[in-house]
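All remarks here apply to the structure that follows.
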Amino acid sequence: MTRMHVAGSIHADATNPAPQWLVKPTDVNQLDHRLWSDTVERVGSGELRIGGLTASQIVARTGSPVYVIDEVDFRGRALSWRKSFDGWNVYYAAKSFLCATVARWVAEEGLNLDVSSHGELLVALRAGFDPGRIALHGNNKSEDVLRLALTCGVGRIVVDSSDEITRLERLTAELGVRATVLIRVTTGVEAHTHEYIATAHEDQKFGLSITGGQALVGMVRCYHSPAIDLVGIHSHIGSQIFDTNGFEVAARRTLKLMAQFREATGVMLKELDLGGGFGIAYTADDSPSTAADLAQGLKDIVAHECRAFGLTVPILSVEPGRAISGPAGTALYTVGTVKNVEIGGGLTRRYVSVDGGMSDNIRPALYGADYSAVLANRASEARPVLSRVVGLHCEGGDILVRDVFLPGDVRPGDLIAVPASGAYSRSMASNYNHTPRPPVVAVRDGRLSTLVHRETMDDLLALDAGLNSRDDDEVYG
Ligand SMILES: *Cc1c(COP(=O)(O)O)cnc(C)c1O
């Protein structure tokens with residue numbers, strides 16, 4: 001299964017509570033550049049600098065906590081995906097992080113956009129993103145979002161169920177438009193990090209099953225629908241994947257399906273979208289492939305499988321989200337309290353509490369995801385101490401970084417930086433404990449600009465009908 005480090009204690013031995021993969025640094029100020037966005041460095045004073053601004057300069061302007069996007073890094077990754085996958089369609093997966101400015105960066109770097117909700121589509125359209133370059137996903141798209149997609153001319157609707165085909169038939173007739181669709185299929189491949197599982201059994205909510213036969217039935221149905229243009233197949237096998245093994249099986253099964261469709265209808269579909277899920281480095285234990293290596297691997301796999309089935313190579317697409325937005329983002333927090341806690345066997349663990357937590361990064365609590373962190377506002381001569389960075393929420397599982405060596409002199413008022421926080425952090429943020437969500441800023445060449453404002457207490461209170469009634473409210477009592 002996965003290599004996630006769900007419970008630190010199961011890795012610990014009697015004398016060393018650190019997980020085996022975590023190496024005690026010889027210099028606790030040292031940055032592992034594989035984890036950090038391109039422009040991150042320590043300056044003379046020892047402070048962390050991103051995009052030409054030090055951590056304390058950023059926090060002085062934005063408050064804490066804050067998500068900081070390194071614009072040069074984000075754009076550079078987007079461009080490197082587009083160039084590495086030359087001739088393919090590269091869709092940036094909006095769910096990893098989207099706001100209007102990011103949608104514009106994505107357009108400027110020549111990528112397409114994949115959205116999976118009404119809100120994401122709306123942000124993209126309001127930002128002026130070309131609808132023809134948007135793909136709309138979702139296992140339960142509302143009628144509202146389908147109407148919007150059909151009327152604005154979204155490039156691809158990724159059909160996820162036979163109910164959706166029925167809905168599209170009705171809406172295209174009603175609106176007098178056509179729908180260009182890919183059909184989302186489940187290949188039975190489930191990939192996580194270095195491992196993947198290929199089974200015949202597909203117990204999940206997305207797509208139409210190949211092995212169960214629903215995929216081919218749905219495709220033939222789309223083919224015969226007067227207002228639906230079926231152009232291809234879509235498969236997405238998982239997340240935080242480091243190699244191409246899982247894609248090999250997915251490509252084989254989807255291309256075989258194309259061959260079967262050709263047999264059934266005489267038509268060769270033009271497009272194959274292999275989805276996203278390409279992994280990044282959250283800790284020193286992660287070793288992601290480059291976009292160039294993945295591109296070469298996927299090209300070879302598809303070419304090989306096409307030969308085997310006697311198919312011409314379709315137009316190919318990928319949908320990286322995390323691989324572009326993740327490493328570009330750093331979260332900055334302020335330390336509030338530091339505690340040494342006895343954990344048995346004469347060992348202590350240092351708990352460093354910061355002014356954020358599971359409301360701004362749910363991934364450690366949700367998936368047992370590991371992160372890393374450094375002291376950001378200064379260098380330190382103190383020895384490395386095994387620490388756990390935790391949040392301010394009323395949950396024991398409110399952990400941001402389960403295991404990391406921080407300098408022994410970390411104290412209240414210090415800034416902590418968590419790399420690889422650009423994806424699925426702000427986009428999954430919640431208001432748990434009535435906590436306002438942090439802002440997102442972009443930094444570049446010493447300049448800072450706001451991408452998403454800080455949520456205020458007033459923003460939160462505005463929704464409480466007992467404090468702020470609205471005209472259409474049913475009044476309580
Ligand atoms: C989540 C998702 C992606 C992006 O996944 P990453 O892990 O961010 O690359 C791409 N395509 C689909 C259909 C997804 O659901």
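The chain is numbered in sequence order, starting from 1. Atoms within a ligand are numbered from 1 in the order they appear, just like the ligands themselves.
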Looking at R167 and D163, is there a salt bridge between them, counting it only when a charged N and a carboxylate O are closer than 4.0 Å?
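Salt bridge absent between D163 and R167.
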Using a strict 4.0 Å threshold on nitrogen-to-oxygen distance, state whether E319 and K95 make a salt bridge.
no
N/O to N/O below 3.5 Å, does that happen between R184 and ligand 1?
no
G321 to ligand 1: N or O pair under 3.5 Å?
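So ligand 1 has an N or O lying under 3.5 Å from an N or O of G321.
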Checking side-chain polar atoms at under 3.5 Å, does S325 have a donor or acceptor matched by the opposite partner on S96?
yes
Any non-hydrogen atom of G277 lying under 4.0 Å from ligand 1?
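It does, in that a heavy atom of G277 comes within the 4.0 Å cut-off of ligand 1.
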Using heavy atoms and a 4.0 Å limit, tell me yes or no: is Y424 in contact with ligand 1?
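Within the 4.0 Å threshold, so yes.
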Out of K95, Q240, E319, H137, indicate the one that has the non-hydrogen atom closest to atom 14 (C) of ligand 1.
K95
Could you tell me whether K256 atom NZ has more than 12 heavy atoms of other residues or ligands within 6.0 Å of it?
no
Ligand-residue contact atoms, ligand 1 with D114, heavy atoms, under 4.0 Å:
10 (C), 11 (N)
Element-labelled atoms of ligand 1 that are located less than 4.0 Å from some non-hydrogen atom of R322:
6 (P), 7 (O), 8 (O), 9 (O)
Looking at atom 4 (C) of ligand 1, what's its closest protein heavy atom, distance included?
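Result for atom 4 (C) of ligand 1: A93 CB, 3.4 Å.
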Would you call R426 and Y424 a side-chain contact if the rule is heavy atoms closer than 4.5 Å?
no
Could you tell me whether the side chain of R322 reaches within less than 4.5 Å of the side chain of Y282, counting heavy atoms only?
yes
